[in-house]
Protein chains: 2
Amino acid sequence: MTKNKNNDQVKDVFTNYLTHKNHRKTPERFSILNEIYSLEEHFDVDSLYEKMNKKNYRVSRATIYNTIELLLESGLVRKHQFGDSFSQYEKSYFNNQHDHVIIKDTGEVKEFCDPRIELIKKDIENVFDIKIDDHSLYLYATSNKKK
Amino acid sequence: MTKNKNNDQVKDVFTNYLTHKNHRKTPERFSILNEIYSLEEHFDVDSLYEKMNKKNYRVSRATIYNTIELLLESGLVRKHQFGDSFSQYEKSYFNNQHDHVIIKDTGEVKEFCDPRIELIKKDIENVFDIKIDDHSLYLYATSNKKK
DNA sequence: ATCCCTGCAAACGCTTTGCACATGA
DNA sequence: TCATGTGCAAAGCGTTTGCAGGGAT
């Protein structure tokens, strides 16, 4: 129930965005949005493509790239570059801003949230007289376990 | 004077690294090191390639990629992904660890250093029982001037 | 009926790789 | 000598683009 209500709300956000931008409300766009919001982990375009084509929806990579662009612009998806050659994404609505630790030996990605980041951003805004819209912070680590 | 002494020291670091790793001390490797340490700004492989081939040294892109790999491993160069599709690099010896602000409307990159980052890293190490080897932090901003 | 969107495949751009030749050790 | 390094061009690979057909409005 909460889940469905959340999904409705996300869909509304996207619908509003498309309306305001005079973009068409195509079934592909909504099925991509749906699929992304059914995922709990980070994903890349290719795995999303595989996943969608194995099940109900048939979409092209081009349309996925295109739609993700719109989702980024509407704030429904965040983009990450964890250090591989490809981009990864994650849903961002109902999902607090957070940063990532990449455990290099296992490939695992952990999330954390530290208020000091926002303090740093505020200070840097003042130092350089700029407006900081966004940031990306990745910590690269090795686990102590394997020692 | 100080400059030459510094360059010698950098050269020594690289020489020692190559010796320990049983890699050959080729003229190409040292001319690439030299060129990189003569630059004050961030650079990408292609601009380095252009710059070197316009002057004294003739090296291939393959050799530049190969050598930068060694320089990364020996800690003489740092790699950055500012959000473009290509990688940028900078010399790192005699150059404090710092982070970057990317001013999106001008493409300018500013550097800063904030001690709170290290505090965050220490805390996260304890939280997850990991060893953090490295981090990357980019702040994306727009300048207040143009308003 | 428009004209934007989609799917397909080709093009792109940075990076890596394969191979023949050159060279440091 | 001979394994490693270099240069060149081709291949890789994620992403973008061009174009013809299809569907939202």
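What you see below is based on every heavy atom in this structure, not just the backbone, and it leaves out hydrogens, waters and symmetry mates. Protein chains get the first letters and strands the later ones, always in sequence-line order, with residue 1 at the start of each.
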Distance-only polar pair, side chains of Glu90(A) and His98(A), donor-acceptor under 3.5 Å: yes

In whole Å, I'd like the distance from the CG atom of Leu72(B) to the C1' atom of dT15(C). 14 Å

Take the protein atom CD1 of Ile64(B) and the nucleotide atom P of dC14(C), then report the distance between them rounded to whole Å. 14 Å

Among the nucleotides dT15(D), dA25(C), dG7(C), which one has an atom lying closest to any side-chain atom of Ala62(A)? dG7(C)

Yes or no on salt bridge (charged side-chain N to carboxylate O under 4.0 Å, His left out) for Glu28(B) and Arg58(B), after CA distance, side-chain angles and deciding distance? CA-CA 8 Å; Glu28(B) 288 83 2; Arg58(B) 205 132 302 225; over 6 Å; no

Taking any heavy-atom pair under 4.0 Å as a contact, classify Asn66(B): base, sugar-phosphate, or nothing. sugar-phosphate

Write down the distance between CZ (Phe82(A)) and C1' (dG14(D)), rounded to a whole number of angstrom. 17 Å

Length of the CD-P vector between Glu28(A) and dA24(D), whole Å: 8 Å

Would you mind telling me which of dG7(D), dG24(C), dG7(C) lies closest to the side-chain atoms of Thr26(B)? dG24(C)

Mutual orientation of the aromatic rings belonging to Phe82(B) and His80(B) [parallel < 30°, tilted 30-60°, perpendicular > 60°]: parallel

Note: for Pro27(B) and Tyr89(B) on DNA chain C, the residue whose nearest nucleotide lies more 5' is Tyr89(B)

If you check every side-chain atom of Ser87(A), which of dT15(D), dT6(C), dT6(D) has the closest atom? dT15(D)

Could you please spell out the steps behind the side-chain contact (heavy atoms from CB on, under 4.5 Å) verdict for Phe30(A) and Thr15(A)? CA-CA 9 Å; Phe30(A) 285 100; Thr15(A) 303; 3.5 Å; yes

Take the protein atom CD1 of Ile68(B) and the nucleotide atom C1' of dT16(C), then report the distance between them rounded to whole Å. 14 Å

Measuring to OP1 and OP2 of dC14(C), would you say a side-chain N or O of Ser85(A) lies under 4.0 angstrom away? no

Go through the N and O atoms of the side chain of Arg24(B) and the base of dT4(D), and report whether any donor-acceptor pair is under 3.5 Å. yes

Rounded to whole angstroms, how far apart are OH on Tyr65(A) and C1' on dG7(C)? 15 Å

Contact class for Phe86(B) vs. all strands (heavy atom < 4.0 Å): base, sugar-phosphate, or nothing? sugar-phosphate

Which nucleotide, dT15(D), dA25(C), dA24(D), lies nearest any side-chain atom of Arg61(A)? dT15(D)

Rounded to the Å, how far apart are Asn22(A) CG and dC3(C) P? 14 Å

Measure from CD on Glu69(A) to P on dT17(D) and round the result to the nearest Å. 10 Å

Nucleotide nearest His23(A) when distance is taken to its side chain, options dC5(C), dT6(D), dT25(D): dC5(C)

Pair Glu73(B)-His23(B), side-chain donor/acceptor within less than 3.5 Å: no

Quick one: is dG7(D) close enough that its OP1 or OP2 comes under 4.0 Å of any side-chain N or O from Thr63(B)? yes

